[in-house]
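Step one of this worksheet: look at the structure below.
What you see is a predicted model; the values in this text were computed from it and never measured. What's counted below: heavy atoms across the whole structure, side chains too, no hydrogens, waters or symmetry copies. Position 1 is the first residue of the sequence, and the numbers go up from there.
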Amino acid sequence: SQPPRAAQGKDHNAIFKGRCCFHRSDAGETMAWSESVDTVLANKEGLAAFRTFLKSEFSEENVEFWLACEDFKKTKSSTKIASKAQKIYSDFIRADAPKEINIDFHTKNNISENISEPTLSCFDAAQRSIYSLMAKDSFPRFLRSEVYKELVKKHQDRNQKRWLPFL
């Protein structure tokens with residue numbers, strides 16, 4: 001049972017309201033990324049930096065799986081649902097998958113048993129698990145990483161040049 005929506009903190013969809021998620025960010029937004037993994041995942045440049053960091057930790061499959069699930073949930077055609085589900089399963093879930101994610105046996109088994117008749121929610125438990133892993137484990141390390149520090153510095157420099165054209 002989940003806590004009331006207000007108790008869960010920021011509304012996951014709030015970051016999308018009123019603007020495109022692939023806008024150019026400024027230094028303030030770069031700093032705002034430290035508030036939530038959602039803000040990083042919703043921003044093209046933030047996502048690229050987070051991916052670079054995950055690649056350096058050999059865990060890039062986590063964000064790739066999360067993005068594949070986000071794309072999968074938007075699928076309308078039943079034939080595409082089946083083919084995309086199979087692709088996600090073979091890439092990330094099945095034993096010895098090339099980008100196998102680290103999920104518990106029960107979740108993996110449940111997906112394996114139901115993959116022959118996939119639904120748009122068939123990867124939800126695995127996606128939540130991977131999201132939680134990224135948010136609680138990888139994301140705090142990302143904020144301490146050189147990748148993140150360089151990005152913040154680049155945005156601060158860009159902002160300074162914008163206001164001080166003589167630099």
Side-chain angles (χ1 to χ4, degrees), residues 2 8-25 29-104 106-112 114-115 118-148 150-152 154-155:
Q2 296 239 335
Q8 290 180 16
K10 291 190 175 182
D11 176 6
H12 174 74
N13 295 321
I15 57 174
F16 296 106
K17 290 179 183 153
R19 63 189 161 111
C20 171
C21 57
F22 296 114
H23 67 285
R24 199 179 181 107
S25 59
E29 174 135 357
T30 310
M31 296 304 285
W33 291 345
S34 64
E35 294 173 20
S36 157
V37 73
D38 287 335
T39 51
V40 169
L41 294 172
N43 178 281
K44 193 175 186 178
E45 194 173 5
L47 177 60
F50 191 49
R51 264 186 134 136
T52 299
F53 171 73
L54 291 175
K55 191 179 261 185
S56 76
E57 290 205 328
F58 305 100
S59 60
E60 182 184 16
E61 70 279 356
N62 291 336
V63 75
E64 287 182 15
F65 172 73
W66 187 86
L67 290 167
C69 289
E70 288 297 289
D71 175 65
F72 175 71
K73 288 189 277 190
K74 296 173 193 160
T75 308
K76 303 280 186 245
S77 148
S78 57
T79 53
K80 282 192 176 174
I81 288 171
S83 64
K84 281 184 174 186
Q86 282 299 330
K87 174 107 176 91
I88 291 171
Y89 180 77
S90 63
D91 285 353
F92 300 102
I93 307 293
R94 74 171 163 76
D96 300 323
K99 302 174 189 177
E100 188 175 1
I101 55 170
N102 186 7
I103 54 174
D104 65 275
H106 176 72
T107 303
K108 182 179 253 185
N109 200 41
N110 194 28
I111 293 170
S112 299
N114 297 304
I115 195 66
T119 64
L120 288 178
S121 62
C122 67
F123 299 111
D124 284 1
Q127 187 184 20
R128 274 191 306 275
S129 176
I130 292 302
Y131 176 88
S132 180
L133 182 68
M134 289 191 302
K136 293 176 182 165
D137 189 43
S138 305
F139 185 66
R141 285 197 308 279
F142 168 66
L143 295 178
R144 294 188 301 269
S145 74
E146 286 306 310
V147 173
Y148 180 72
E150 286 173 23
L151 195 60
V152 170
K154 182 175 107 180
H155 280 274

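- Looking at residues two or more places apart in sequence or on another chain, you find a side chain to side chain contact (heavy atoms under 4.5 Å, CB included) between Lys99 and Glu61, Glu64, Phe92.
- Thr75 is linked by a side-chain hydrogen bond (donor to acceptor under 3.5 Å, both in side chains) to Lys84, counting only residues two or more places apart in sequence or in another chain.
- Atom-to-atom distance recorded for Glu146:CD and Arg144:CZ is 12.5 Å, nearest 0.5 angstrom.
- To the nearest 0.5 Å, atom OG of residue Ser59 and atom CG of residue Asp137 are 8.0 Å apart.
- Taken from CD1 in Ile130 to CG in Asn102, the straight-line distance is 6.5 Å, to the nearest 0.5 Å.
- Nearest approach of Ala126 to Ile101, heavy atoms of both residues: CB-CD1, 4.5 Å.
- Side-chain N or O atoms of Gln86 include none that pairs as donor or acceptor with a backbone N or O of Ala82 at under 3.5 Å.
- A distance-only check finds a donor-acceptor pair linking the side chain of Lys108 to the backbone of Ile93 [under 3.5 Å].
- Applying the side chain to side chain contact (heavy atoms under 4.5 Å, CB included) rule to Ser129 yields the partners Ile103; only residues at least two apart in sequence or on another chain are considered.
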> Could you walk me through whether Asp38 and Tyr131 pass the side chain to side chain contact (heavy atoms under 4.5 Å, CB included) check?
Replying inline: CA-CA 10 Å; Asp38 287 335; Tyr131 176 88; 2.7 Å; yes
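- Contacts of Asn110 classified as side-chain hydrogen bond (donor to acceptor under 3.5 Å, both in side chains), with partners at least two apart in sequence or in another chain: Asn114.
- The CD atom of Gln127 sits 11.0 Å away from atom OG of Ser121, with the distance rounded to the nearest 0.5 Å.
- Legend: residues meeting side chain to side chain contact (heavy atoms under 4.5 Å, CB included) with Asp104, ordered by chain and number and at least two apart, are His106, Thr107.
- Asn109 meets the side chain to side chain contact (heavy atoms under 4.5 Å, CB included) test with Phe105, Glu113; sequence neighbours excluded.
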Would you tabulate the side-chain donor-acceptor contacts of residues 46-57 under 3.5 Å, counting partners in other chains and residues two or more places apart, or write 'none'?
| from | atom 1 | to | atom 2 | distance (Å) |
| --- | --- | --- | --- | --- |
| Thr52 | OG1 | Ala48 | O | 3.0 |
| Ser56 | OG | Phe53 | O | 2.5 |
| Glu57 | OE1 | Arg141 | NE | 3.4 |
| Glu57 | OE1 | Arg141 | NH2 | 2.7 |
| Glu57 | OE2 | Arg141 | NE | 2.7 |

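- In this structure, CD on Glu70 lies 10.5 Å from CZ on Phe65, to the nearest 0.5 angstrom.
- Taking every heavy atom of both residues into account, Ser90 and Ala97 meet most closely at O-CB, 3.3 Å.
- Residues satisfying the side-chain hydrogen bond (donor to acceptor under 3.5 Å, both in side chains) test with Ser112, not counting sequence neighbours, are Tyr89.
- Closest approach of Ile88 to Phe72, counting heavy atoms only: CD1-CB, 3.6 Å.
- Annotation: side-chain hydrogen bond (donor to acceptor under 3.5 Å, both in side chains) contacts of Asp124 (sequence neighbours excluded): none.
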> What's the verdict on side chain to side chain contact (heavy atoms under 4.5 Å, CB included) for Val63 and Leu41, showing C-alpha distance, side-chain angles and the deciding distance?
Replying inline: CA-CA 9 Å; Val63 75; Leu41 294 172; 3.8 Å; yes
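- Phe123 and Ile111 get closest at one heavy-atom pair: CE2-CG2, 3.8 Å.
- Under the rule for a salt bridge (charged side-chain N to carboxylate O under 4.0 Å, His left out), Glu150 has no partner lying at least two apart in sequence or in another chain.
- When every heavy atom of Thr79 is checked against every heavy atom of Ser77, the shortest pair comes out as OG1-OG, 2.9 Å.
- When every heavy atom of Val37 is checked against every heavy atom of Ala135, the shortest pair comes out as CG1-CB, 3.9 Å.
- Remark: Ser138 OG to Leu133 CG distance equals 5.5 Å, nearest 0.5 Å.
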